[in-house]
Each structure stands twice: as C-alpha cells, then as structure tokens.
Amino acid sequence: MAGKFTTQAFSDAKKNSRKITMLTAYDYTMAQILDESGIDSILVGDSLAMPIQGKDSTLEVTMEEMLYHCRCVAKGVRNALIVGDMPFMTYHINTDEAVRNAGRFIQEGKANAVKLEGGKHMADTVRAIVRAQIPVMGHIGLTPQSVNIFGGFKVQGKEESAARALVEDALAIEAAGAFAIVLEAVPEMLAKLISEKVSIPTIGIGAGKYCDGQILVIHDMLGLYSDFTPKFVKQYAKLRGSMSEAVASYVSEVRDSQFPEIQHTYKMNDEILERLY
Ligand SMILES: Nc1nc(=O)c2c([nH]1)NC[C@@H]1CN(c3ccc(C(=O)N[C@@H](CCC(=O)O)C(=O)O)cc3)CN21
Ligand SMILES: CC(C)C(=O)C(=O)O
Ligand SMILES: [Mg+2]
C-alpha cells in the first residue's frame, strides 16, 4: 500500500467495486494514525463543532477554525486524500465567495478537495468551484447545516416526494462535476438506488451497505464522544473508558507519590548540588 489517494482513485474504486474508506480527523496525531492505518481519505469535517468544540450544531464553525484544523491534519498525512468541509455561510451567498473560500481550503488549509452540503440548488456553486480546478464532494440527505429547516437531525428521504428529490439532487451534483457524494441518514434501499443511478462514488453515513464507501466521525467510532450516538455509529473501541481509567490511575498515583519514579527523572552532579545547599 503506497501512493497518494486521488480523486481518480475514487472513480477507479467504484469501477472496480472496491469500497472507499473515509473517517474524519481534526488534528495531527489522529490524522497520522488514520493515514498509517491505510485509510483512503480523511474529512476535516465541520462536525468538529461537536467533539472538539462541544457545540450542539455545526452552524457556528468558521473558515478560520476549519483552516486551522485542516493544516493540523495535513501535517500528519502522507497518502490519504484530504477533504475540507466548507462551513455554514461560506458558500451560500454567491458563487464568487464560494470559489474564494474553496480556494482558501486548498492554499491555506492544504486540503486536496472540498465538500459542501446541498443538492440541486448548490449545483451552480459546485460547477463554479470545479471550474477553478478544485475537486468537490457533494453531501445530501441529512445535511446538518440545514438543522433549522429539518427541525432536528432526522432521517431524510422516507416519503416518495423526498426520495425522488434526493435522486434528482444526486444527479444534479454529479452533472455539476462533483467527484463523489456523501449520503447521510437516508434509507438503505434509497442509497442503493442513488448509488446505481450516479456514476460517481457514494460515501454513506447512516446510508447502508450498498454505498461505494463509508465515513464515520472518528470520535464516534473510537467510542470517545458521548453527547449523542446516532443509530448508524458502530463503536470499534471504547476509548472513553480506557482514557478515564488512565487518568484516574494518574490522579491516584500522583496523590500517593507513586509517580514519578526514578526512570522519569533527571540527575545532576552531587558536588554542584552540595554547593547549592
Ligand atoms: N459526533 C458526531 N457524529 C456525527 O455523526 C455527526 C456530528 N457529530 N455532527 C454533525 C452531524 C450531526 N449528525 C447527527 C446527529 C444526531 C443524529 C441522531 O440523533 N439521530 C437519531 C434520530 C434519527 C431520527 O429521528 O430520524 C438516531 O437514532 O440516529 C444523527 C446524526 C451526524 N453528524
Ligand atoms: C459526517 C460527515 C459526512 C461530515 O459532514 C462531517 O464530519 O462534518
Ligand atoms: Mg460536515
């Protein structure tokens, strides 16, 4: 396993029925671990609002915060394709602003691509960013930046009209030139239909096994984040418990003067010490 994962590799993976693996990361060490473990692509998600910032929505995340985390992640990555998640209100006003902000993700954030939320109504924006030679990943279904329209983080596309609209959204984003599209919290069989109808890879989160790839929030799959756990999360570890135990041991050992031990300390010349006394 070697070499940079590219947007071409996304496309080849779908052609060869090879699943695409994605996770989020927000810092250098986590990005290093994912990259060394062979992940195809890392999303610096605006979901950092939750596990990093402790907020209950993604709406307040700024460009500067996203660029900071992108740069941290980029330092730790050799092979994974880095996608920067465009925050709320940085691509909604007009396409000029969207292109400028997408460009900042590449130039200042060291990302390889950007992601933005929305279907049909964002197609022109996707087209403008792609025209600037910046690869774009779409994102439809449960788009968390629309939480105030949805009235919560709710499964999308259950009604026939909503399901039809999502198929059209996916086709519009593909036609606009996106290289892949995230399907979030939609019924499994709708995600299957969309994955068959578009030729670009679909990356599912709460969208079932027929997607061309999968993504999860790293703090969820490692069992670190506990404010909420969506149904689609599988905990591959329970690190919150391990970390709590480690911290509790440290607290107790420091209180009992069991830490630090000799191997954790530095020596000095006895004669110098004597003169100091
Ligand atoms: N840590 C974390 N994980 C995520 O997956 C995530 C974020 N943060 N922040 C941004 C969005 C918000 N997401 C969410 C948040 C909550 C639910 C949730 O509670 N879903 C319930 C109800 C579904 C319904 O009523 O339709 C569930 O049982 O899955 C789902 C996705 C997904 N994204
Ligand atoms: C969960 C993914 C798709 C995302 O948008 C994020 O992490 O912000
Ligand atoms: Mg996001």
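Whatever order the structure lists ligands and atoms in, that order sets their numbers, starting from 1.
Which of Leu216, Ile205, Val44 comes nearest to atom 1 (C) of ligand 2 through a heavy atom is settled by distance: it is Ile205.
Heavy atoms of Tyr225 found under 4.0 angstrom from ligand 1 belong exclusively to the side chain. The part of His139 lying near ligand 2 is the side chain, judged by heavy-atom distances below 4.0 Å. With a 4.0 Å cut-off on non-hydrogen atoms, Ile203 does not touch ligand 2 at all. Counting heavy atoms closer than 4.0 Å to ligand 2, residue Thr24 contributes side-chain atoms (C-beta onward) but none from N, CA, C or O.
The atom name of the N/O/S atom in Asp85 closest to the Mg ion (ligand 3) is OD2. As for Asp46, its N/O/S atom nearest the Mg ion (ligand 3) is the one called OD1.
Remark: Arg240 does not engage Glu245 in a salt bridge, criterion side-chain N to carboxylate O under 4.0 Å.
On a distance-only criterion, Glu117 and ligand 2 share no N/O pair closer than 3.5 Å. Of the polar atoms of Val155, at least one N or O is found under 3.5 Å from an N or O of ligand 1, judged by distance alone. Below 3.5 Å of separation, one finds no N or O of Lys154 facing any N or O of ligand 1. Note: an N/O pair closer than 3.5 Å links Asp85 and ligand 2 by distance alone.
Environment of OH in Tyr236: sparse, with no more than 12 heavy atoms of neighbouring residues, nucleotides or ligands closer than 6.0 Å.
In terms of protein heavy-atom proximity, atom 29 (O) of ligand 1 is closest to Lys231 N, 2.9 Å. Protein heavy atom nearest atom 33 (N) of ligand 1, with residue, atom name and distance: Glu184 OE2, 3.8 Å.
Assignment of Lys115 to the shell around ligand 2 is supported, since a heavy atom sits closer than 4.0 Å.
Interatomic distance, CG of Asp40 versus CD of Gln214, reported as 12.5 Å (0.5 Å rounding).
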